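Keep in mind that what you see is a predicted model, and the values were worked out from it rather than measured. Counting from 1, the numbers follow the sequence of the chain as shown.
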Amino acid sequence: MSRTKAKTRTKTRARAGARVKRVVREERVRAPLTLEQLCETALRLVDSEGLEALTMRRLASELDVGVMTLYGYVSDKENLLEGLAEYVLRGLPPVTDAAGWEAQLRAWFVALRRTLRAHPSMAHLFALQLLSSRPALERFEVQLDVLRRAGITGEQAVRLWVALLTHTLGFVLYEAPRLQEVATLGEEGRNERRARLMALPPERFPLVLSVVPQLVSTATDAQFELGLDCLLDGLRARFPG
């Protein structure tokens, strides 16, 4: 075979390969995008890089579609964040008054914390706009009705609910870096923190030194639920109805 024919055949194969790749890419772009896929991708991006990384342009790039395609599903960035919050909330249990308001709200906030523990960046979003979307407000409406049936209404109901919410969001933000430290450094990281505390002068910090084991292991279910139960106990005493 001559060198000229070999070069021609190589070019032909290259062009054919390029056409196949282009067709595959076009088919992928034309494949129908669902809101579920959009939210899954947005959440994956937020989990790996934080809320700051979530822009319409970046999300479109991750989905391999044009930015304008996204506007067929969400109206703007604010609407995207609302949809993302609702996507995360979807897996939480419904609240009813079947087992008493304390038990139902406790179960809901335990589930919320468990969900946010898997997606800690969402705690920042919830702190900003948990009640800005209609689906979230529908959940809040049900929870307010549970409290109303227990005789807790108006400002009292709002203050009670916000107390439980801020405890939950605050704890998620508190535990996130500690869990990340364990995931990144393992037991070695915890041992280093323990060693730094144990190096404190005992004449000045005798009580701190006595609780070092507890100080380096506070990001736990037990710690969260202790705070939640203390709040509920206090609220039950204030609103005995």
Would you confirm whether Arg178, through its side chain, and Tyr174, through its main-chain N or O, come within 3.5 Å as a donor-acceptor pair? yes
Look up atom CG in Leu45 and atom CG in Leu84, then write down how far apart they are to the nearest 0.5 Å. 10.0 Å
Assign the ring pair Trp161 / Phe140 to parallel, tilted or perpendicular, where the plane angle (0 to 90°) is split at 30° and 60°. tilted
Taking the side chain as everything from C-beta on, heavy atoms only, tell me whether Leu43 gets closer than 4.5 Å to Met122. yes
Does any non-hydrogen side-chain atom of Leu112 lie less than 4.5 Å from one of Phe126? yes
Given the rule that I, L, V, M, F, W and Y join up when any side-chain heavy atoms are under 4.5 Å apart, are Leu116 and Val162 in one cluster? yes
For residues Asn79 and Tyr71, determine if any side-chain heavy atom of one lies less than 4.5 Å from a side-chain heavy atom of the other. no
Do Leu164 and Leu232 make a side-chain contact, defined as non-hydrogen atoms from C-beta onward lying under 4.5 Å apart? yes
So CZ of Arg236 and CG of Leu231: to nearest 0.5 Å the spacing works out to 11.0 Å
Start with the C-alpha distance between Arg114 and Asp221, add both sets of side-chain angles, then the distance that settles salt bridge (Lys or Arg N to Asp or Glu O under 4.0 Å), and finish with yes or no. CA-CA 9 Å; Arg114 186 182 303 118; Asp221 294 347; over 6 Å; no
Is any side-chain N of the basic residue among Arg44 and Glu40 closer than 4.0 Å to the acidic one's carboxylate O? no
Run through Val158, Val146, Leu235, Leu147 and flag the one making a side chain to side chain contact (heavy atoms under 4.5 Å, CB included) with Ile152. Leu147
Which value, rounded to the nearest 0.5 Å, describes the distance between Met198 atom CE and Leu215 atom CG? 11.0 Å
For Arg90, look at atom CZ and say whether over 12 heavy atoms of other residues, nucleotides or ligands are found less than 6.0 Å away. yes
Quick one: does Val46's side chain get under 4.5 Å of His119's, heavy atoms only? no
Is there side-chain contact between Glu36 and Tyr87, with at least one heavy-atom pair below 4.5 Å? yes
Stepwise, does the salt bridge (Lys or Arg N to Asp or Glu O under 4.0 Å) test hold for Glu86 with Arg139? CA-CA 10 Å; Glu86 168 56 19; Arg139 284 176 169 78; 3.1 Å; yes
The test is side chain to side chain contact (heavy atoms under 4.5 Å, CB included); show your working for Gln223 and Glu175 and say whether it passes. CA-CA 10 Å; Gln223 181 64 50; Glu175 71 179 331; over 6 Å; no
Do Tyr73 and Leu80 have side chains that approach each other closer than 4.5 Å (heavy atoms only, starting at C-beta)? no
With a 4.5 Å cut-off on side-chain heavy atoms, are Met56 and Asp76 touching? no
Around atom CD of Glu138, are there more than 12 heavy atoms from other residues, nucleotides or ligands closer than 6.0 Å? yes
Interatomic spacing from CG in Leu226 to OG1 in Thr220 - rounded to 0.5 Å: 9.0 Å
